[in-house]
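When a residue number appears, it is its place in the shown sequence, counting from 1.
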Amino acid sequence: MPLELYLDLHSQPCRSVLLFAKINKIPFEYKAVDLSTGEQYGEEFGKVSIIRKVPVLKDGSFILTESIAILQYLAAKHRTPDHWYPADLERRARVDEFLSWQHTNIRAHGSKVFWFRDVIPAVTGSQVPKEKMDAAVEELNASLKIFEDKFLQSRPFVIGDKISLADLVAIVEIMQPVGTGLDVFQGRPALSAWRDRVKKEIGVEIFDEAHKTIMNVNALAQTFESKGIPEFLKLKLQKMFN
């Protein structure tokens, strides 16, 4: 049976897995899971993963969740070029360091901005209060500065002259708030130059195709207008603000 990847391209981790598989020409069957309608809570997806999150990899009878684990599995099984996840202990540790850091920094803050600027207005019809929005953007800016100053520095890529899983995960996370119309690259020439290098290494066409879903800032509002707002999303928003 072919490798199956369960994905929703609104999700940053899903985009990283999709891009990695495509770049390295790993054959797979795309299984779309619509998070905006709560498809992950349906009976069929529950048979695949009780965690009910994407991405999910299904390789025969082997099922794997968590995007970082999936990327590492694909790199090992398909023996992708060493620069993605180096065998050298120190270079690999640098990749792992970023992958460990990003969860509670770029990912957390970029996701919050995405929710505040896109999801919440689409669900409620109202904008998030300015002070909350400003605080969220400030947190994101702080994470981006750390990414530039510590992880990127003056190097072309995180671990040097070659792209790695760290760059791939970083770019999909940083693009998330960009999809809401917030240009986080403005006024950051080093970050902009890094983005351009990453896009070139990935392939501009593949990169743009993977990000097409989130670059339509009105897409979620149109989805909720046509299909209604799922109950799980209403409950999630209540928890965020109560």
Side-chain angles (χ1 to χ4, degrees), residues 5-21 33 35 40 49-57 63-76 84-86 89-120 132-133 135-153 155 157-159 163-180 182 184-185 188 191 194-195 198 202 210-211 213-214 232-233 236-237 239-240:
L5 295 176
Y6 293 77
L7 309 168
D8 182 328
L9 297 186
H10 284 100
S11 158
Q12 310 94 296
C14 286
R15 294 197 300 274
S16 68
V17 170
L18 174 81
L19 286 169
F20 188 70
V33 180
L35 300 181
Q40 69 273 32
S49 174
I50 63 172
I51 294 178
R52 297 186 179 278
K53 292 182 179 180
V54 288
V56 176
L57 172 149
I63 294 175
L64 186 64
T65 64
E66 300 299 328
S67 60
I68 302 304
I70 291 171
L71 290 169
Q72 293 168 340
Y73 173 83
L74 291 175
W84 285 111
Y85 197 50
L89 183 60
E90 290 188 3
R91 284 159 55 82
R92 176 172 289 201
R94 288 299 180 202
V95 174
D96 288 338
E97 181 185 31
F98 173 78
L99 295 179
S100 298
W101 174 83
Q102 60 92 23
H103 286 286
T104 54
N105 292 277
I106 286 182
R107 174 162 174 72
H109 301 145
S111 295
K112 181 185 282 189
V113 170
F114 180 78
W115 273 77
F116 279 12
R117 287 176 60 93
D118 196 2
V119 181
I120 291 174
K132 287 185 178 291
M133 181 63 73
V137 172
E138 186 176 344
E139 289 174 339
L140 174 60
N141 286 336
S143 284
L144 292 174
K145 184 170 183 359
I146 292 173
F147 176 69
E148 287 189 276
D149 293 348
K150 173 177 170 49
F151 293 101
L152 194 56
Q153 298 180 25
R155 295 183 292 266
F157 300 101
V158 171
I159 62 168
I163 192 172
S164 71
L165 291 182
D167 300 283
L168 181 61
V169 170
I171 193 63
V172 297
E173 295 294 347
I174 294 173
M175 287 300 295
Q176 196 74 357
V178 174
T180 71
L182 179 66
V184 301
F185 297 102
R188 293 187 172 97
L191 194 67
W194 165 81
R195 172 204 57 197
V198 172
I202 290 172
H211 287 88
T213 299
I214 64 157
F232 85 91
L233 196 47
K236 184 168 184 176
L237 289 180
K239 290 180 181 178
M240 287 179 68

- line: For Pro55 and Leu7, the nearest pair of non-hydrogen atoms, with its separation, is CB-CD2, 3.6 Å
task: Grab the two heavy atoms, one from Arg15 and one from Val172, that are nearest each other, plus how far apart they are.
output: NH2-O, 2.9 Å
task: Before giving the answer on side chain to side chain contact (heavy atoms under 4.5 Å, CB included), spell out for Phe114 and Leu182 the whole-Å C-alpha distance, their side-chain angles and the decisive distance to 0.1 Å.
output: CA-CA 9 Å; Phe114 180 78; Leu182 179 66; over 6 Å; no
task: Scan side-chain atoms only and decide if Ser49 and Gln40 contain a donor-acceptor pair under the 3.5 Å cut-off.
output: no
task: Look up atom CG in Leu71 and atom OG in Ser16, then write down how far apart they are to the nearest 0.5 Å.
output: 4.5 Å
query: Atom CD1 of Ile70 and atom CG of Leu57: how far apart are they, to the nearest 0.5 Å?
result: 5.5 Å
task: Could you tell me the separation between the CD1 atom of Ile106 and the OG atom of Ser111, rounded to the nearest 0.5 Å?
output: 11.0 Å
field: CZ-OH distance between Arg92 and Tyr85, expressed to the nearest 0.5 angstrom
entry: 4.5 Å
Pair Ile171-Asp167, side chain to side chain contact (heavy atoms under 4.5 Å, CB included): steps then yes or no: CA-CA 6 Å; Ile171 193 63; Asp167 300 283; over 6 Å; no
- request: Can you sort out the partners of Arg94 under salt bridge (Lys or Arg N to Asp or Glu O under 4.0 Å), two or more places apart, ordered by chain and number?
  value: Glu97
message: Tell me whether Asn105 contacts the main-chain N or O of Trp101 through its side chain, where contact means a donor paired with an acceptor under 3.5 Å.
response: yes
message: Please evaluate residues Phe185 and Ile174 with respect to the criterion side chain to side chain contact (heavy atoms under 4.5 Å, CB included), reporting the C-alpha separation (whole Å), side-chain torsions for both, the decisive distance (0.1 Å), and the verdict.
response: CA-CA 9 Å; Phe185 297 102; Ile174 294 173; 3.6 Å; yes
- prompt: What residue among Gln102, His109, Arg107 forms side-chain hydrogen bond (donor to acceptor under 3.5 Å, both in side chains) with Ser143?
  reply: His109
- prompt: Are Phe20 and Trp84 near enough that their ring centres are under 6.0 Å apart?
  reply: yes
- request: Taking all heavy atoms of Pro86 and all of Ile159, pick out the closest pair and write down the distance.
  value: CG-CD1, 3.6 Å
- request: Identify the heavy atoms of Val113 and Thr180 that sit nearest to each other, and give their distance.
  value: O-CG2, 4.5 Å
field: Sole candidate of Glu66, Glu173, Lys53 that passes side chain to side chain contact (heavy atoms under 4.5 Å, CB included) when paired with Pro13
entry: Glu173
task: Rounded to the nearest 0.5 Å, what's the gap from NE2 on His10 to CD on Gln176? Could you check?
output: 8.5 Å
Closest heavy-atom pair and its distance - Phe157, Leu152: C-CD1, 3.9 Å
field: Derivation of the side chain to side chain contact (heavy atoms under 4.5 Å, CB included) call for Leu9 and Ile214
entry: CA-CA 7 Å; Leu9 297 186; Ile214 64 157; over 6 Å; no
query: Any chance CD of Gln153 has more than 12 other-residue heavy atoms, nucleotides or ligands included, within less than 6.0 Å?
result: yes
field: Results of salt bridge (Lys or Arg N to Asp or Glu O under 4.0 Å) for Arg188 - residues two or more places apart only
entry: Glu148
field: Pairwise distance CG(Leu19) to SG(Cys14) - rounded to 0.5 angstrom
entry: 11.0 Å
- prompt: Looking only at heavy atoms, which two atoms of Leu5 and Ala21 are closest? And how far apart?
  reply: CD1-CB, 4.2 Å
query: Do Trp194 and Phe151 have their ring centres less than 6.0 Å from each other?
result: no
message: Could you tell me if the side chain of Arg91 sits less than 4.5 Å from the side chain of Val95, heavy atoms only?
response: no
